[in-house]
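Comments concern the structure below.
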Amino acid sequence: MNEANQRAYLEAMDIPVWIRKELADQVPDFASPGLKLGPGSSQILLVCSGIDEPAKRISADIARSLNAEPVWAWPEPASEVSDLKTLAGEQLFTTVLVFGESLVTKIFGTRKPGTLGSARLLLAASLAELEGSPTLRRELWKVIDTNHLGGKSTA
């Protein structure tokens with residue numbers, strides 16, 4: 001288990017984690033695009049590649065599998081958007097799940113952090129890939145179950 005995952009695990013159990021100030025001030029070197037937030041009421045942020053993706057059937061299945069109503073977000077070059085670093089830095093979300101390798105690369109470049117501040121970062125296949133692959137859906141349900149994000153798993 002890497003250091004970021006250990007820290008997230010301890011924080012999730014409400015165990016205070018002490019780290020040196022110079023390490024705490026280090027921010028991953030990525031330039032996150034602006035994100036437009038959709039409706040939702042939980043501390044789970046689901047990041048997809050476009051505004052139409054939260055309306056897909058697979059998106060509804062994912063949202064139903066979670067313990068709470070997630071907030072969807074997508075890249076949008078508009079003035080009323082927040083970048084992922086800012087959202088995580090403000091501690092609005094405890095879990096960020098990004099769908100699709102191309103979106104992960106767009107947000108983080110080649111360096112993918114394990115956490116974003118106090119939020120844990122989870123990566124999954126794109127929603128289009130999940131629609132077409134039962135195997136990828138099972139992997140996503142395992143991620144959801146392993147990270148205690150959902151109630152029931154669906155295959």
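In this text the structure is predicted, and so the values were computed from the model without any measurement. Nothing fancy with the numbering, it's 1 onward along the sequence. Side chains are part of it too, since the values below use all heavy atoms of this structure and drop only hydrogens, waters and symmetry mates.
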Got Leu130 and Asp61 here, is their nearest side-chain heavy-atom distance under 4.5 Å? no
Apply side-chain contact (heavy atoms from CB on, under 4.5 Å) to Ile51 and list each qualifying residue two or more places apart in sequence or on a separate chain. Trp74
Looking at Lys56 and Glu131, what are the two nearest heavy atoms and their distance? CD-OE2, 3.7 Å
Heavy-atom nearest pair, Pro113 first then Leu121, reads O-CD2, 3.1 Å
By side-chain hydrogen bond (donor to acceptor under 3.5 Å, both in side chains), Ser126 pairs with (sequence neighbours left out) Glu129
With no hydrogens and no angle check, is any side-chain donor or acceptor of Ser59 less than 3.5 Å from a backbone partner on Ala55? no
Can you list everything that forms a salt bridge (Lys or Arg N to Asp or Glu O under 4.0 Å) with Glu139? Sequence neighbours excluded, please. none
Got a donor-acceptor contact below 3.5 angstrom from the Thr146 side chain to the Val143 backbone? no
Starting at CD1 of Ile44, measure out to CD1 of Ile62 and round the result to the nearest 0.5 Å. 12.0 Å
Going by heavy atoms in the side chains, are Pro75 and Leu35 under 4.5 Å from each other? yes
Do you know which two heavy atoms are closest between Ser42 and Val71, and how far apart they sit? O-CG2, 3.8 Å
Quick check: do Asn147 and Thr95 have side-chain heavy atoms less than 4.5 Å from each other? no
Test item: Phe99 and Leu140 side chains (from C-beta on) under 4.5 Å apart, heavy atoms: yes
Considering all heavy atoms of both residues, which atom of Ala73 and which atom of Leu45 are nearest to each other, and what is their separation? CB-CD1, 3.7 Å
Restricting to non-hydrogen atoms, name the atom on Leu123 and the atom on Val104 that form the minimum distance, rounded to 0.1 Å. CD2-CG2, 3.7 Å
Report yes if some heavy atom in the side chain of Leu149 is under 4.5 Å from a heavy atom in the side chain of Leu97; otherwise report no. no
Return the minimal non-hydrogen interatomic distance between Glu53 and Cys48, and the atom names on each side. OE1-CB, 3.1 Å
